[in-house]
Amino acid sequence: MGSLSHSQPRSPSHQPRQQRKHTPKAKTQGLYQRAIKQAFIKLDPRVQVKNPVMFLVWVGTIVTALVTINPNLLGNATDKNPQLFNGLITLILLFTVLFANFAEAVAEGRGKAQADALRSTKTDAIARKLLPDGTVQEISSTDLRRGDLVKVIAGDVIPADGEVIQGVASVDESAITGESAPVLKQPGTDIASSVTGGTRILSDELVIRVMADPGKGFIDRMIALVEGAERTKTPNEIALTVLLAVLTQVFLIVIATMPPIANYVNSPVSVAVLISLLVALIPTTIGGLLSAIGIAGMDRVAQFNVIATSGRAVEACGDVNTLVLDKTGTITLGNRLAEEFIPVNGHTIPEVAQVALAASVFDETPEGKSIVRLAETYGVASFFNLDQAEGVEFSARTRMSGTDVADGTEFRKGAVDAIKGFIRSRQGEIPVELDHAFEKVSRLGGTPLAVCQNQEIYGVIYLKDIIKPGIRERFDQLRRMGIRTVMLTGDNRITASVIAQEAGVDDFIAEATPEDKIEVIRSEQAKGKLVAMTGDGTNDAPALAQANVGVAMNSGTQAAKEAANMVDLDSDPTKLIDIVTIGKQLLITRGALTTFSIANDIAKYFAIIPAIFAQAGIGSLNIMGLASAQSAVLSALIYNALIIPALVPLALKGVKFRPLTADQLLARNILIYGLGGVVAPFIAIKLLDNFVAAIGLA
Amino acid sequence: MLQGIFQIALTLILVIALTPILGQYLARVFLQEKTWLDPILEPIERRVYRWIGLRDSEEMTGRQYTQAVLVSNLAMGLLVFTIIIAQPFLPFNPTGLGNVRWDTALHTTISFLTNTDQQHYSGETTLSYSSQVFALGFLLFTSAATGLAVGIAFIRGLTGRSLGNFYRDLVLAITRVLLPLSLVGAMVLIIAGVPETLAGVATATTLEGANQAIARGPIAHFEIIKQLGENGGGFFGANSAHPFENPNGLTNLVETIAMVVIPSALIYTYGLFAKNLRQAWYVYGIVLALFIPLVALTAWGEFQGNSQVNALLGSAAANLEGKEVRFGWAQTALWSILTTATMCGAVNGMHDSLMPPGGFSTLLNLFLQIVWGGQGTGTAFLFVYLILAVFLTGLMVGRTPEFLGRKIEKPEIVLASIILLIHPIAVLIPAAVTLAFPETLAGISNPGFHGISQVIYEYASASANNGSGFEGLGDGTVWWNLSACFSLLVGRYVPIVALLLLADGMAHKQPVPLTTGTLRTDTGLFTSITGVIILILGVLTFFPVLALGPIAEGFQLAHL
Amino acid sequence: MLKLEFLETILIRFRQQRWPKVFLFALLGTLLLAPAVQAATGGTLDRGQTFALVLLGITTVLLSIYLFVVIFQPERF
């Protein structure tokens, strides 16, 4: 058969998306109480110093607290009722810091809840380690090392990630995938030989070779990631941190140089007001939410049941230019089904069915089984003793499979070219109608498989490929986002082009070998593109490692998972598209909030500067008509503090991503966050000023 | 009124018309393509190259280019400082001018070396002809050529080429650009009546019978390179307001155009290097969109005149204080804005006497540094802002931001940020110190809001390498000389180093292909956003001083 | 000999400690800068206010240095 990697992902993609989303049920009760507590714990300067913008606010709070205690500490107080005014400023600044801490704590808390749910599956199990002499030693699962052999029997929790080397058993993987149906695990096959620590074996027993040291397994990685414990900043986040630090530095200089300039024209400004102005101007909104955005982004990835090894990988997804996708399981439903037998050489359909059946009796793939099923509808049955026959397995090299009977009869089915070669090697004849049949099936987008008995071709099996519903729309979305899709298939050119056409991919590579995959990736990368791919087989591992973003299927082999930067627990290749969206969302959210933060400064300037320099005669710049200097400062600060919790939901959920072109997206976001960021604070500060003046605070 | 608008419009149209012509020529020169000057100049250049030991094909890395700029500038600075200090012992000193104070000599050297030409002295009574011509005249060319070379190297790096060779660029900037243009310009000026002589002071007997000493000298060639190279340091203390430097409307037009023609053309040159003229014109649009309102604001302010004076006169008159009547309000307003926009710094009227809108506009120009901006560096700053805008907007479309197919990452942001940061440091900090000790340090002639404008203007002019002064400051003191030196050096060399390293980094990046997901930077939308970001970043940084300086002064005048 | 060793340890300890050093220099800076601030404010402030103001100024400078560290080594934060 022509499928590139002959594994068939156990794809649950036909289920509605909602059901697959978010499986490890995280407890959210008590989340906010814990976050509030954390917000206070995070006031520790050693934590604050990690966030430059908020650290300045923190230091400012201490200084204003000092001038609240003694208003004449840094110069003779000139403000009206200085102790109350300074006290209010201190309180608002403290809340600004607390709100930022709270945002981070909520994001972390959500991750932690998810991590706890995961961790609960990781009980400290007793493992039965198999010693080289064959005896069993009971040790704690944390003492297992890579390469150890362990035995698990029904009811056990599998102690570590590993590979089945002996036995057949069903395993409940619902703890990590949320899929309740048990999965069959057996050695040898790529598909089912890998097991994950923390899952439970339901029947029989297995011998497993441990593939990960304790604390390095998938669940451990996922826990570390969603908790934010191992969060290192992504490249874009680092660049943004620099920009925020620079803006903060600029405003620090502006404010620090202001007193002598203001004193020169006899408009002295108190230290508390200067600190207020500084805090209003530095980008506290984005500074307070930056880490929450990052943590929440990883959390969203985890909710999609994807384990990413780093935030960097998720962010790189947003930059992907090319997606390399396997046809099978991604673009088409995994299982091609036998649809029709087309006889050639004057044979009848039942004759073809007979030979097809004979060639497929040992074929355990869904395709093979569907051939058997179709053949049986013609009332044919196996005419030789299965004990005296032997199955010939499919290989990527021969591209055919079949059955050798003890009497020397050979039944084969496979790619038309491969069968032709087989016939030629047996000095048989190739009927002309074969090519017609081949073309006919190919043009339907199906896969033609020729069947033969010894040197005689009987006909062609039409394997129908079913393109996943909705896949075309997704590729259209990708194209609008500027992402090119390349389909790789072992099918012949005609079939491949028909499927490519129907599915709407941009390019395809037919009759691809595993080596082609890595070639495609290399040539795209040479053009400066970032490539993402999905894979599951061991022979995908080099390509997964080569790709900028490699997503391995959880059903895939351990080697593939090691090579990838992400593992999809649902083994759904189309999910790559969702991860791309999350990566983009992360960047957009950061960019949007930074823009918003900077745009806000215009209104804050117009609120505070005319108010505090009213004696300098620039009161006419008070275009908002704020009640007094003190109320102007207070309302700008209150706005500045309140905007952080107001934007927490946006930071956690992310700005909604729409598959538009870059220009459309920019126009939209600049309108909302740029223009909105200019206008919103004018309105909000005016309203707050009315309120502050009304209750007589200032 | 109409006549004034016509004068301004005509000048602008001429500038825009000249832009593609000179821009194309610059591109041909620095892409080493054939030009019609090759047969005459190539032998000379080859001799120069051989003399300085330069192999023609040598390309420099960013680090080498930076080193070459710094080392050559240091050498030139030392040479010029020595000449000025040794002035009494050197020839061409017909008026017998004596020693120059060490701090004045240092400030003058650094100021001319950095293409600023801030002068804390009067040229005609301090410096001999040899100091003026051999020392400063030499720097007028080399400092402008240094700026141009850096600008070109930056454009090369940005468009993925290697930076080139600083010494070759320096030579080409002089032989192919500054010398030929100066030659033509000087001829025109001489024909129009600007003197060019090595003779000493002329003595005339006035109608009253008194003897008057009239300073003169080799002015015409000094004048044209002063304008063309964005230098701005006048032969006379009165600069281009002096009737020998700028005698009439024609010389004024030539000198005005000379100020802006190279920075303006360089944007077009960028378009040719990047093979994207569309973007070049969009960027040009940003500049015009900032420039025209500032000219309009200034011209309106001058035309309205001073309400206090008008109330006394009982009629509406334009503000002509500190202006040459032969230029009037319109040409002075245009000149003031152009000279601060292009970092030329020559003046044909006293900026101290501009109405508050003019003070505001000239200060804003010095703060932004990109309304054309300095020779070479201004264009580079424009693209630094473009890179910052790309970073913000790029994130908003959900991709790692990229400019011309090259990713903007941490090193680019760090370097661009340094450029953003250096101006407030070099302007606000010394200004704050000066204003903290108004009696001991400042020497301000007008207290109050205008005094703030004076001090801020002085440091902004130094840091932006403009060189014009609000005047009225007693700025010939050790404090002013040394603190201005700090602003001059920091404002010049830190950005240059950052620009070159930035360009070098960009040149070595693997370009990413364009897709529909890529943010296009040659669209009206992106360009407008960049313009707004420039304005916001510039205004946010300097809003408090603008508010306490010209804005407060404006309100004060209106409310008196 | 013993005394010398003792002095040496103090010196080494001093070099190893970061915050006491910053604190010491801040105090020294305060002493040096206080007269300048006194002059700039025209003698309207008493001694305590002047010292507090200078300390605030030094804190500002330290914050600025901290921000420069963030700008050049953002990975550390």
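Proteins come first, then strands; the chains are lettered A, B, ... in the order of their sequence lines, and each starts at number 1. What you see is a predicted model; the values in this text were computed from it and never measured.
Contact annotation for Q510(B): only side-chain heavy atoms (C-beta onward) come within less than 4.5 Å of a heavy atom of chain A. If you measure heavy-atom distances from L537(B) to chain A, the contacts under 4.5 Å come from the side chain alone. Using a 4.5 Å cut-off between heavy atoms, F542(B) makes no contact with chain A at all. When heavy atoms are compared at a cutoff of 4.5 Å, V545(B) approaches chain A solely by way of its side chain, counted from C-beta outward. Residue I529(B) touches chain A through its side chain alone, counting heavy-atom pairs closer than 4.5 Å. Residue A245(A) does not touch chain B at all, counting heavy-atom pairs closer than 4.5 Å. Residue contact with chain B, scored on non-hydrogen atoms closer than 4.5 Å, is absent for R668(A). With a 4.5 angstrom heavy-atom cutoff, I609(A) touches chain B only via side-chain atoms. Within the 4.5 angstrom heavy-atom criterion, only side-chain atoms of K407(B), from C-beta onward, approach chain A. When heavy atoms are compared at a cutoff of 4.5 Å, L388(B) approaches chain A solely by way of its side chain, counted from C-beta outward. Looking at E524(A), there are no atoms closer than 4.5 Å to chain B (heavy atoms on both sides), in backbone or side chain. Contacts between I536(B) and chain A at a heavy-atom distance below 4.5 Å involve the side chain alone, from C-beta outward. Proximity to chain A is limited to the backbone of T518(B), based on heavy atoms less than 4.5 angstrom apart.
Separation of atoms CZ (F543(B)) and CZ (F606(A)) is listed at 4.5 Å; rounding is to 0.5 Å. Of the inter-residue distances, the one linking Y264(A) atom OH with L548(B) atom CG reads 12.0 Å to the nearest 0.5 angstrom. The structure places NZ of K604(A) at 10.5 Å from CG of L540(B), a figure rounded to the nearest 0.5 Å. The distance from the CE atom of M396(B) to the OG1 atom of T594(A) is 8.5 Å, given to the nearest 0.5 Å. Taken from CD1 in I670(A) to CG in L525(B), the straight-line distance is 7.5 Å, to the nearest 0.5 Å.
When each of V532(B), I456(B), V414(B) is checked for heavy-atom pairs under 4.5 Å with chain A, V414(B) comes out on top. Of the listed residues (L247(A), V250(A), I483(A), T661(A)), the one with the most heavy-atom contacts under 4.5 Å to chain B is V250(A). Of the listed residues (I425(B), V433(B), L519(B)), the greatest number of heavy-atom pairs within a distance under 4.5 Å of chain A belongs to L519(B). Counting heavy-atom pairs closer than 4.5 Å to chain A, the top-ranked of the candidates V397(B), L421(B), L420(B) is V397(B). Among A256(A), A592(A), P610(A), the residue with the largest count of heavy-atom pairs under 4.5 Å with chain B is A592(A). Between chain B and the options L277(A), L621(A), V655(A), the largest number of non-hydrogen pairs under 4.5 Å is found for L621(A). Taking L281(A), L665(A), T595(A), L666(A) one by one and counting their heavy-atom pairs under 4.5 Å with chain B, the maximum is reached by L666(A). Chain A forms more heavy-atom pairs under 4.5 Å with one residue of H423(B), E409(B), R520(B), K509(B) than with any other, namely R520(B). Contact tally against chain B (heavy-atom pairs below 4.5 Å) for G617(A), A616(A), G583(A): the top residue is A616(A). Annotation: maximal heavy-atom pairing with chain A below 4.5 Å, among L428(B), I533(B), V512(B), I418(B), occurs at L428(B).
Contact between V246(A) and S417(B) at its shortest, heavy atoms only, is CG2-CB, 3.0 Å. The heavy-atom pair separating G591(A) from L395(B) by the smallest distance is CA-CB, 3.6 Å. Of all the heavy atoms in R399(B) and G318(A), the pair that sits closest is CG-O, 3.7 Å.
Listed for the D319(A) side chain is a donor-acceptor partner under 3.5 Å among the backbone atoms of T400(B).
Side chains of Y605(A) and P544(B) form a contact here, defined as non-hydrogen atoms less than 4.5 Å apart. Looking at P401(B) and N236(A), their side chains come closer than 4.5 Å, going by heavy atoms from C-beta outward. Inter-residue side-chain proximity for L392(B) and I598(A) is flagged as met; some heavy-atom pair is nearer than 4.5 Å.
Within a 6.0 Å radius of NZ in K527(A), other residues, nucleotides and ligands contribute more than 12 heavy atoms. Within 6.0 Å of the CZ atom in R161(B), the count of heavy atoms belonging to other residues, nucleotides or ligands exceeds 12.
Tested against I253(A) for a side-chain contact (heavy atoms from CB on, under 4.5 Å), the candidates T541(B), V427(B), I429(B) yield a single pass: I429(B).
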Next item on the list: Begin from the C-alpha positions of F526(B) and D663(A) and carry the test side-chain contact (heavy atoms from CB on, under 4.5 Å) through to its verdict.
Entry: CA-CA 8 Å; F526(B) 177 77; D663(A) 289 340; over 6 Å; no
